[in-house]
2 protein chains.
Amino acid sequence: MSDEGRTKGATETAKLGPPAYVVLGMVSLGACSGYEIKQMVELSIRFFWTISQAQIYPSLELLERAGLVSGREQPRGRRARRVYEITADGEAALAAWLRADEPMPFELRDIGMVKLFFASALEREDALSLLEAVRRRSEERVKTLRQIESTARHAEQEGNAYPLVTLRLGIEFHKAMIDVCREFEPQLAALEPGQPATRAP
Amino acid sequence: MSDEGRTKGATETAKLGPPAYVVLGMVSLGACSGYEIKQMVELSIRFFWTISQAQIYPSLELLERAGLVSGREQPRGRRARRVYEITADGEAALAAWLRADEPMPFELRDIGMVKLFFASALEREDALSLLEAVRRRSEERVKTLRQIESTARHAEQEGNAYPLVTLRLGIEFHKAMIDVCREFEPQLAALEPGQPATRAP
DNA sequence: TTCTCCATGTAAGTAGTTACATGATTGG
DNA sequence: CCAATCATGTAACTACTTACATGGAGAA
């Protein structure tokens with residue numbers, strides 16, 4: 001516990017939640033305005049973390065009060081705009097969060113898998129289309145992620161390989177899901193048409 | 001706001017959310033009491049869906065009012081206990097939900113991947129331990145899931161193959177994550193010690 | 001007797017979203 | 001001039017969790 005720096009920063013830092021750190025991280029990567037942070041999230045981490053606009057502006061205020069970012073008005077023409085930069089304290093706080101060995105639960109909430117789990121309540125044909133729907137969803141996702149790949153490779157060339165790592169993580173686990181679906185589809189298809197999806201005991 | 005639902009079944013069914021269908025599904029698989037439903041969730045779908053006890057009892061009431069389950073008091077000794085069975089309407093509603101082609105978003109919220117995405121703010125050593133932590137987490141998860149495998153195989157032998165499908169889905173996508181981590185670990189380790197985790201442009 | 005499990009229920013709180021509200025600027 | 005985009009802010013709401021509250025039953 002580094003209770004060393006006892007600017008009010010340190011005390012406030014303790015209560016920051018993941019959304020605030022996400023905002024801080026995006027500012028550290030060069031996102032200036034709240035609007036830009038939202039866009040950057042949509043272009044990058046949206047597949048494993050989302051944040052709504054309504055969370056961003058309060059988070060920025062919080063971070064500024066804690067001294068982790070500094071903001072100033074920088075209107076574009078007559079349109080109001082506040083831009084932020086990360087401070088030294090902010091860099092330290094971000095790194096401390098990244099290093100912290102708190103639990104990192106893998107939180108998955110997937111109605112698709114839930115439905116599949118209960119698919120014994122369906123007839124074979126319907127269960128098969130459910131399985132196919134789950135597969136197709138992952139195929140779509142892989143396609144989408146592949147489209148982002150060039151951006152991530154570009155970031156890698158510029159010295160930041162981590163977006164590419166998380167992208168690969170996403171691509172590969174959806175590919176794994178596709179494989180499992182493909183493995184079970186023929187087995188299901190082999191059952192008698194019109195039968196319940198379960199076999200008799 | 002509530003149009004005093006006098007046509008029970010159809011109108012009420014429309015507003016059931018995922019938690020209620022999960023409860024319905026568990027009753028359909030033989031879970032009797034609220035307590036047992038909670039336990040069954042913890043033993044099965046907890047890795048892709050969770051439900052807290054505080055949601056279960058209200059859901060059961062809702063389902064019963066909608067005629068999708070029927071409950072009766074069945075105390076064990078002097079200990080109060082209400083047991084439920086799925087009704088024909090309930091079976092139909094469950095199947096209709098499973099067949100519905102609503103969107104099934106794959107919702108993942110993973111602080112581990114978020115941290116990895118921002119790992120360029122760390123020095124090489126710390127970034128490497130983060131990557132290793134993400135890998136170890138998946139290794140743990142695979143271990144846990146393997147322990148459930150026998151239960152799922154047993155269910156398969158008894159005619160319900162779907163728990164095994166979802167289990168395999170979980171195992172394989174975590175195995176994919178482990179592979180990606182193992183691929184990047186040596187690359188990171190190859191960088192100079194003490195260097196920032198990013199390479200120069 | 002005391003600990004753990006069985007069993008239900010609810011009040012209070014958190015985290016997050018959607019939707020609304022406002023208005024400037026740019027590009028076709 | 002109209003639509004899309006840039007830009008901020010907030011009120012109301014939903015979904016869900018945590019924690020508390022209660023108490024019987026079985027086993028050590």
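If you're wondering where the values come from, they're calculated on a predicted model, not measured in any experiment. Per chain, numbering begins at 1; letters A, B, ... match sequence-line order.
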- Message: Closer than 4.0 angstrom, basic N to acidic O: yes or no for E132(B) and R137(B)?
- Response: no
- Query: Which heavy atom of F117(B) sits nearest a heavy atom of M26(A), and at what distance?
  - Reply: CE2-CE, 3.9 Å
- Task: Give a yes or no on whether a salt bridge exists between E172(B) and K175(A), defined as a side-chain N under 4.0 angstrom from a carboxylate O.
- Result: no
- Task: State whether the side chain of K38(B) and the backbone N or O of I51(B) hold a donor-acceptor pair below 3.5 Å, judged by distance alone.
- Result: yes
- Task: Round to the nearest Å and state the distance from Y57(A) atom OH to dT22(C) atom P.
- Result: 17 Å
- Task: Scan P75(A) against the nucleic acid and name what it touches under 4.0 Å (heavy atoms): base, sugar-phosphate only, or nothing.
- Result: nothing
- Item | Polar side-chain atom of T87(B) near backbone of L68(B) as donor-acceptor pair, under 3.5 Å | yes
- Message: Tell me if the aromatic rings of F106(B) and H174(A) count as close, with their centers under 6.0 Å from one another.
- Response: yes
- Heavy-atom check, side chain of W49(A) versus side chain of R109(B), under 4.5 Å: yes
- Note on the structure: Contact check, residues 108-116 of chain B vs DNA chain D, heavy-atom distance under 4.0 Å, returns none
- Message: Distance check needed: dA11(C) P versus Q55(B) CD, whole Å only.
- Response: 17 Å
- Message: Show me the pairs that pass side-chain hydrogen bond (donor to acceptor under 3.5 Å, both in side chains) and involve residues 50-63 of chain A, at least two apart or across chains.
- Response: none
- Decide, yes or no, whether a salt bridge links R146(B) with E149(B) under the criterion of side-chain N to carboxylate O below 4.0 Å. yes
- Query: Is there side-chain contact between L63(A) and Y21(A), with at least one heavy-atom pair below 4.5 Å?
  - Reply: no
- Determine whether L43(B) and I148(B) make a side-chain contact, defined as any pair of heavy atoms from C-beta on separated by less than 4.5 Å. no
- Item | Nucleotide range of DNA chain D lying under 4.0 Å from chain A heavy atoms | dT5(D) to dC16(D)
Shorter than 3.5 Å, N or O on both sides, protein versus nucleotides 24-28 of chain C: list them out with atom names.
{"residue": "dT25(C)", "atom": "OP1", "partner": "R78(A)", "partner atom": "N", "Å": "2.5"}
{"residue": "dT25(C)", "atom": "O4'", "partner": "R79(A)", "partner atom": "NH2", "Å": "2.7"}

- Mind checking whether D179(A) and E183(A) have side chains closer than 4.5 Å, heavy atoms only? no
- Message: Assess whether a salt bridge exists between E73(A) and R81(A), defined as any Lys/Arg side-chain N lying under 4.0 Å from an Asp/Glu carboxylate O.
- Response: no
- Message: Heavy atoms within less than 4.0 Å of DNA chain C: which residues of residues 29-54 of chain A have one? Give them sorted by number.
- Response: T50(A), S52(A), A54(A)
- Item | Angle between terminal axes - the helix from dT1(C)-dA28(D) to dG28(C)-dC1(D), 5 pairs each end, rounded to 10° | 30°
- Message: Any carboxylate oxygen within less than 4.0 angstrom of a Lys/Arg side-chain nitrogen, looking at E64(B) and R82(B)?
- Response: yes
- Query: Do M113(B) and L169(A) have side-chain heavy atoms sitting under 4.5 Å apart?
  - Reply: yes
- Contact class for P58(A) (heavy atom, under 4.0 Å): base, sugar-phosphate, or nothing? nothing
